[in-house]
Amino acid sequence: MWKFFRLHDYSENMKARIATYSHKGKADIWWEDLNNVIGIHEEDLTWNESESLFKKKYLSEREFDDGEK
């Protein structure tokens with residue numbers, strides 16, 4: 001995803017919309033649950049918010065900590 005965004009000058013909101021549209025399998029089901037149950041919608045998210053939600057769901061604590069170094 002990062003390589004794709006480096007090629008295009010998208011707004012932070014458009015990045016979030018593209019990323020959430022690209023989810024497949026379990027990630028797509030998880031995102032639909034956020035939409036329907038919690039009321040989070042991609043048109044209201046920035047890229048940083050979208051990325052943070054995804055990391056919290058799919059990265060272990062160790063991977064998340066290692067990525068911040």
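Starting from 1, each residue takes its place in the sequence as its number.
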Name each donor-acceptor pair under 3.5 Å that joins a side chain in residues 24-40 to protein atoms two or more places apart or in another chain, with its distance.
from, atom 1, to, atom 2, distance (Å)
Trp31, NE1, Glu42, OE1, 3.2
Asn35, OD1, His41, ND1, 3.4
Asn36, ND2, Glu32, O, 3.1

* To do: Any chance you could measure Asn48, atom CG, to Lys55, atom NZ, to the nearest 0.5 Å?
  => 9.0 Å

* Going through the checks in order, is the side-chain contact (heavy atoms from CB on, under 4.5 Å) test met by Trp47 and Met14? -> CA-CA 8 Å; Trp47 169 248; Met14 184 57 74; over 6 Å; no

* Structure fact -> Taking every heavy atom of Ser50 against every heavy atom of Thr20, the minimum-distance pair comes out as OG-CG2, 4.1 Å

* Euclidean distance, Glu51 CD relative to Lys15 NZ, rounded to 0.5 Å ->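 That separation rounds to 9.5 Å.
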
* Give, for atom CZ of Arg17 and atom CG of Asp44, the distance between the pair rounded to the nearest 0.5 Å. =>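 One finds 9.5 Å between CZ of Arg17 and CG of Asp44.
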
* With Glu49 via salt bridge (Lys or Arg N to Asp or Glu O under 4.0 Å) - residues at least two apart -> none

